[in-house]
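Structure, as structure tokens:
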2 protein chains.
Amino acid sequence: MAPTIKQIAKLANVSIATVSRALSGDEKVTSETKRLVLNAARELNYRPNILARNFVKGKSNIVGLILPDISDEFFSEIIRGVDETSYDHGYYTMVISSHKNRSLVESVHTLMSNGLVGGFIILIPFMDQKIEAALMHERVPFVIISGDNNAGEFDTVTTNNYQSAFMMVEFLVGKGYKKIAHISGPADNNDALLRKKGFLDACSKNKIEIRNNWLLDGDFTMEGGELAINKILNEDDKPEVIFAANDMMALGCYNAIQSRGLKIPDDIAITGFDDILISKYANPSLTTVKVNTDRIGKLAAERLIEKMDGTNNKTAQKIEIESELVIRNSC
Amino acid sequence: MAPTIKQIAKLANVSIATVSRALSGDEKVTSETKRLVLNAARELNYRPNILARNFVKGKSNIVGLILPDISDEFFSEIIRGVDETSYDHGYYTMVISSHKNRSLVESVHTLMSNGLVGGFIILIPFMDQKIEAALMHERVPFVIISGDNNAGEFDTVTTNNYQSAFMMVEFLVGKGYKKIAHISGPADNNDALLRKKGFLDACSKNKIEIRNNWLLDGDFTMEGGELAINKILNEDDKPEVIFAANDMMALGCYNAIQSRGLKIPDDIAITGFDDILISKYANPSLTTVKVNTDRIGKLAAERLIEKMDGTNNKTAQKIEIESELVIRNSC
DNA sequence: ATCACCGATGTAAACGTTTACACGATAACT
DNA sequence: AGTTATCGTGTAAACGTTTACATCGGTGAT
């Protein structure tokens, strides 16, 4: 049904090889012949069969994008970033979500040398042995998006969690804060761990006392933030500012604080991490760290396509996405 | 490099045809032969080449998902819903985002009979002539996700904007409210239009007076909501409740109201639409309408796969996703 | 014992495209 | 003029899989 190069060949009175060459811009074909072929192609409304092309070339211009089984406000931005870059390079984007019926490892196996994708990008919340093993045997190029860049000798795009947390603490110190508490995220989340580490190191460097009971455990949820802060809000000696490892927990702190009639930032200041949609609109607006999510997708895709094109096969690169402090009114 | 059925054939001492049949579960092949083939396949760690399979079968088990060029909190849920269903049926999901370099129409053309996808789902914020024309000529099956189901004779999955808005008004009336204002969304957004229509019709039916200056224009942003409500907050004769066409605008109203020292819902009540993440945590928590976003993706994918399988080619279906009133403390 | 049939397997063509190689014609050398 | 490059085009093979058709052995009916 769909027109093929054979039909173009017949219409233009040339061989299919010439058609193929004319369409792919081979310099050897006469401009006259090229004109003929292109006209015929336009007339027939020809679209090359991508499947056939990839198949015969033995490689695919499809970029796989493997997502973990959690939902996240930022995923659509990453997807968009990847697809935009893919498109600009003439590639397609295939999303493989993990979910109850398909684990992250299984997702990798799905793509393993079935020829569908020519490479893939994988979002890994926490690198474990299973995933690493699966990736070790992978034959197509891939890039990892992760909070952590210590993940073996793989190409990785990371957010600079550590540096950003560090930066946040130094900013607070610069504003004169000395008594700083931290609410961390889940223990099995690399982003959370690195943010905590950044906090701790920055405190050490700036001679800020780290009190154990001001090192609170959270879980990245609003309730978790509320729960955590309530543990120290009753004490006489309160911290001046609380640095929550993500905005959701920071907003949980807002609730706890405001329901006690305390004022942010006068009685106690709050900062977060992520710059989710609402943070700008919270009252007071939340000081936080903004990660350039679409750049993550873009750069991961660019690096992957370099590898797929064979343009740049140098050893694994670690790309860190710069993030920025968003200073608002909560401190 | 990657193992093929030829290698399996050699290892199992059968022909490639038998291998193909054994792998695809043809009943004609002996269980003994099947055992041999499967063993060989496992030994070689064989994965069928999807590209070759789709190519030779002349159809694709890839579902295209065309997204508009706006970012949305709900997209990742829709993507997940689609991919989950695709996976369960042995299909793959390919995302085609529209953006500055590729319009929605161009996205459709991209997929047009290039063999890559066997069908697609397209999210359309507002159906216009161009898109409709592009879709008319499309050869592969597709399903539209839209706020509006009047979009010609196409298969469509819609949220029931109209009914939900209607339901919201009747709920408010049931609570005794008589003076109701509405802030609508952008004029070129179908969801917004239908919500307004639902509001108007429900008011008429319930003999609620519709005042023109209580029919406010918004733009789905927080600032828009704030701006709109400020127009009527100074008047002596204020509405008892404001029904915003989405949560963002409702939260804008929160700001305006609370900065005047008024209390929600005692002085004025607010309701929204969408049930975005924050609405649950707003203070007071926001009464709104929750759309089952993942069901939208799921049902669209199910319908599409029916068509792709040829299981069900009956005339275009209009599927409406039921949504639910989420009653909280803002009214 | 012959025939017809059936069930299991093999043979080979087909899908649309790319590309190595062959070929003929023309141009550029000796 | 004869040889050799060069250039444009054609021929045909290849990619991995599916599937229509052929083949062959065996079974049951006559």
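Both backbone and side-chain heavy atoms feed into the values below; hydrogens, waters and symmetry mates do not. On a predicted model such as this, the values are computed, not experimentally measured, just so you know. Chain identifiers are assigned alphabetically (A, B, ...) following the order of the sequence lines, protein sequences preceding nucleic acid strands; residue numbering begins at 1 within each chain.
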Only one of A:L104, A:L111, A:I145 forms a side chain to side chain contact (heavy atoms under 4.5 Å, CB included) with A:I122, so which one is it?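 The option that passes is A:L104.
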For B:P3, the option from B:L11, B:L44, B:I8 that meets side chain to side chain contact (heavy atoms under 4.5 Å, CB included):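 Filter result, single survivor: B:L44.
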Separation of atom [atom1] in [X] from atom [atom2] in [N], rounded to whole Å:
{"X": "A:K59", "N": "D:dG16", "atom1": "NZ", "atom2": "P", "answer": "16 Å"}
{"X": "B:R35", "N": "C:dT9", "atom1": "CZ", "atom2": "P", "answer": "13 Å"}
{"X": "B:L44", "N": "D:dG16", "atom1": "CG", "atom2": "P", "answer": "14 Å"}
{"X": "B:I8", "N": "D:dT18", "atom1": "CD1", "atom2": "P", "answer": "10 Å"}
{"X": "B:D26", "N": "C:dA8", "atom1": "CG", "atom2": "P", "answer": "10 Å"}
{"X": "A:L116", "N": "D:dT17", "atom1": "CG", "atom2": "P", "answer": "13 Å"}
{"X": "A:L51", "N": "D:dT17", "atom1": "CG", "atom2": "C1'", "answer": "12 Å"}
{"X": "B:L23", "N": "D:dT19", "atom1": "CG", "atom2": "P", "answer": "13 Å"}

Relative to the 5' end of DNA chain C, which residue comes earlier, B:E27 or A:I5, by the nucleotide with the nearest heavy atom?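 Result: B:E27.
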Distance-only polar pair, side chains of [X] and [Y], donor-acceptor under 3.5 Å:
{"X": "B:N54", "Y": "B:Y92", "answer": "no"}
{"X": "B:T158", "Y": "B:S146", "answer": "no"}
{"X": "A:D69", "Y": "A:S98", "answer": "no"}

What string of B, S and - do you get for nucleotides 9-15 of chain D, 5' to 3', when a contact is any protein heavy atom under 4.0 Å? BBB--BB
Is the shortest side-chain N/O distance from A:S20 to OP1 or OP2 of C:dT17 below 4.0 Å?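 Checking C:dT17 against A:S20, no side-chain N or O comes under 4.0 Å of OP1 or OP2.
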Partner set under side chain to side chain contact (heavy atoms under 4.5 Å, CB included) for A:K59, not counting sequence neighbours: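 With sequence neighbours excluded, A:K59 shows a side chain to side chain contact (heavy atoms under 4.5 Å, CB included) to A:K57, given in chain and number order.
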